[in-house]
Amino acid sequence: MRNKLKAISLFLVAVLFVGVLAACNSSSTGGGSKEVSVGIVLPTKDEPRWVQDEQRFKDALKDSKYTTEILFSQGSSAKEKENVETLLNKGIDVLIISPHDGEAAGAAVEAAKKDGVTVIAYDRLITNTDAVDYYVTFDSLAVGAAQAQYLVDNAKGTGIPLYLYAGAASDNNAFLFFEGAWSVLQPKIADGTFKIANSSEAITLKDKAELSRDEMSKILGQVTTNWEPNEAINKAQTHLTAAAADMKGDVAILAPNDGTARSIADTFAADSAITSYVITGQDAEKASIQYIIDGKQSMTVFKDVRTLVKDAMGMAVDILDGKTPETTGTYDNGEVEVKAKQTDVIVVNQENVKKELIDSGYYEASEFTGL
Ligand code: BGC
């Protein structure tokens, strides 16, 4: 009996020791505590946008007294759930999460809520669950509206072929961007400035100023890039192959973000029947800033990730300190009104690229050529 007890206590000591070692090995940043206070989950490392966010989080957290850990879900909801569970096991009190798929992420955040964790949706809303406490975001309707306004402002004449592209339907933002864009484009389609080149569903709906989510889904079904540059190339090639001669020449292209804009721009540039194109983007990715300087992409919507990170971490710290975070409005996620803090966006083209992105200290001039 005594031997058995001794064996058990030795075993417990060993377990404790391994536990302490594991805690010391964690790749967290910030203060010296063994536990992680804030867990951050981002959708993928494969898009520069989210690597930007990771870097800005790291910059902002350098002097934080709280411990944080950033994990990437690599475009998989299963991996995302696993990431959340890993962070819950490390004792997080706040979860900042940008979901791969806004609906599928419900299960992950419900697990977090059950654990007493406060959930902050970051940039992308998590839909149809009551397990989201806060939402920190850019004004995504304004992003789409700014893209569309750029096309309108640069439209010369009438009957300009308009190619529409959108983000992934699993991302609530794709709908917000498209809704914002449609609100500006639709009157200009109705008055004949633009003619839709690549979506029969959008043509059917062209006289409707406001589209329901189902109606937008139908259009997205035809013109989604799924946020994948390669899918964007395939779609653009298919559309150009199918387009009649009067849908070529000088064209306008609504591209939802920089990654897809560069692929679509290259595809259009390679078609000898396209004489010129105006194309939108978003994120101010370095590669797209170079494209703008070189005249290969017309604009981008600059979303200053430093502000989003500051807001998200500010909220997390308020929560950890037992304070109620400040919010500026709410977003309906299909189940609840989520309290939100929203940030404005800036339109960038060749004229103001230096002022907004270099002089503001966001990027270094040496990262570009021909500025
Ligand atoms: C983000 C964009 C990003 C896109 C693809 C959206 O939810 O708001 O900034 O380009 O996802 O990752």
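Keep in mind that what you see is a predicted model, and the values were worked out from it rather than measured. Every heavy atom of this structure was used, including side-chain atoms; hydrogens, water molecules and symmetry mates were not.
Nearest heavy-atom pair, V119 versus A112, reported as atom, atom and distance to 0.1 Å: CG2-CB, 4.1 Å. When all heavy atoms are compared, the tightest approach of L211 to W182 is CG-NE1, 3.5 Å. Contact record, A146 with V301: CB-CG2, 4.4 Å, taken as the closest heavy-atom pair. Residue A273 comes nearest to K248 through the heavy atom pair O-CB, 3.4 Å, listed as atom of the first residue, atom of the second, then distance. The minimum heavy-atom distance linking I196 with K206 is given by the pair CD1-CB, 4.3 Å. Nearest approach of I189 to L162, heavy atoms of both residues: CD1-CD2, 4.0 Å.
Remark: the backbone N or O of V36 is not paired with any side-chain donor or acceptor of E69 at under 3.5 angstrom. At distances below 3.5 Å, not a single donor-acceptor pair connects side-chain atoms of T260 with backbone N or O atoms of P229. In this structure a side-chain-to-backbone donor-acceptor pair under 3.5 Å is present from Q290 to T369. A donor-acceptor contact shorter than 3.5 Å links the side chain of T225 to the backbone of W227. No donor-acceptor pair under 3.5 Å is formed between the side chain of T330 and the backbone N or O of V338. Looking at D304, its side chain does come within 3.5 Å of a backbone N or O of R306 through a donor-acceptor pair. Of the possible donor and acceptor atoms, none in the side chain of N198 sits under 3.5 Å from a partner among the backbone N and O of Y163. Within the 3.5 Å criterion, the main-chain N or O of I92 finds no donor-acceptor partner in the side chain of S37. No donor-acceptor pair closer than 3.5 Å links the side chain of Y66 to the backbone N or O of L320. Remark: the backbone N or O of I289 is not paired with any side-chain donor or acceptor of Q297 at under 3.5 angstrom.
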Chi angles and distances behind the side-chain contact (heavy atoms from CB on, under 4.5 Å) call for Q237, T267: CA-CA 7 Å; Q237 273 167 349; T267 310; 3.6 Å; yes
What verdict does the side-chain contact (heavy atoms from CB on, under 4.5 Å) test give for Y134 and T118, after you've listed the backbone C-alpha separation in whole Å, the side-chain angles of each residue and the deciding distance to 0.1 Å? CA-CA 8 Å; Y134 297 100; T118 304; 4.1 Å; yes
How far apart are the C-alpha atoms of L205 and M216, what are their side-chain angles, what is the distance that settles it, and do they pass the side-chain contact (heavy atoms from CB on, under 4.5 Å) test? CA-CA 9 Å; L205 293 161; M216 282 192 277; over 6 Å; no
V117 and L88: CA distance, side-chain angles, deciding distance, side-chain contact (heavy atoms from CB on, under 4.5 Å) verdict: CA-CA 8 Å; V117 166; L88 293 178; 3.7 Å; yes
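Under the side chain to side chain contact (heavy atoms under 4.5 Å, CB included) criterion, E103 pairs with D101, T127, N128, sequence neighbours left out.
A donor-acceptor contact closer than 3.5 angstrom links the side chains of S199 and Q222. Side chain to side chain, Y122 and D53 meet the donor-acceptor criterion of an N or O pair below 3.5 Å. Between the side chains of D191 and T193, at least one donor N or O lies within less than 3.5 Å of an accepting N or O. At a cut-off of 3.5 Å, with distance as the only test, a side-chain donor of Q55 or D59 sits close to an acceptor on the other residue. Checked by atom type, the side-chain pair D266/Y291 shows a donor-acceptor distance below 3.5 Å.
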Please output the side-chain donor-acceptor pairs of residues 351-358 that fall under 3.5 Å, not counting sequence neighbours, one pair per line with the distance.
from: N352; atom 1: OD1; to: N349; atom 2: N; distance (Å): 2.8
from: N352; atom 1: ND2; to: V347; atom 2: O; distance (Å): 2.9
from: K354; atom 1: NZ; to: D359; atom 2: OD1; distance (Å): 3.3

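Side chains of V184 and Q147 form no contact here, defined as non-hydrogen atoms less than 4.5 Å apart. Taking 4.5 Å as the limit, some side-chain heavy atom of V136 sits within range of a side-chain heavy atom of L308. A 4.5 Å side-chain heavy-atom check between I279 and K296 finds every atom pair outside the cut-off. A heavy-atom distance below 4.5 Å is found between the side chains of S217 and F175. The shortest distance between side-chain heavy atoms of T68 and F57 does not fall below 4.5 Å. Residues E335 and D130 are in side-chain contact: their nearest non-hydrogen atoms beyond the backbone lie under 4.5 Å apart. Residues D311 and T328 are not in side-chain contact: their nearest non-hydrogen atoms beyond the backbone lie 4.5 Å or more apart. Between S288 and R262 the shortest side-chain heavy-atom distance falls below 4.5 Å.
One finds the NZ atom of K286 at 9.0 Å from the CD atom of E364 (value rounded to the nearest 0.5 Å). The distance from atom OH of Y150 to atom OG of S298, rounded to the nearest 0.5 Å, is 5.5 Å. Separating the CG atom in L164 from the CG atom in L254 is a distance of 6.0 Å, to the nearest 0.5 Å. Atoms CG and OG, on L125 and S98 in that order, are 10.5 Å from each other to the nearest 0.5 Å. Atoms CD and CD, from E179 and E215 in turn, are 11.5 Å apart once rounded to the nearest 0.5 Å. Here CH2 of W50 is found 11.0 Å from OG of S73. Values are rounded to the nearest 0.5 Å.
Tracing side-chain contacts under 4.5 Å through hydrophobic residues (I, L, V, M, F, W, Y), one never reaches L185 starting from M247; they form parts of separate clusters. The hydrophobic clustering, which links ILVMFWY residues whose side-chain heavy atoms are closer than 4.5 Å, places V132 and V41 together. Residues L151 and V251 do not share a hydrophobic cluster, clusters being chains of Ile/Leu/Val/Met/Phe/Trp/Tyr side chains in contact below 4.5 Å. Hydrophobic clustering, with ILVMFWY side chains joined whenever heavy atoms are under 4.5 angstrom apart, groups M299 together with F177. Residues L176 and I97 fall within the same hydrophobic cluster, defined by Ile, Leu, Val, Met, Phe, Trp and Tyr side chains chained together at heavy-atom separations under 4.5 Å.
Aromatic pair F302/Y362: ring centres closer than 6.0 Å.
Across D171, D258, D123, a single residue satisfies salt bridge (charged side-chain N to carboxylate O under 4.0 Å, His left out) together with R49, and that is D123.
Salt bridge status for E110 with K114: absent, with no side-chain N to carboxylate O gap under 4.0 Å.
Counting heavy-atom neighbours within 6.0 Å of E367 CD, excluding the residue itself, gives a total above 12.
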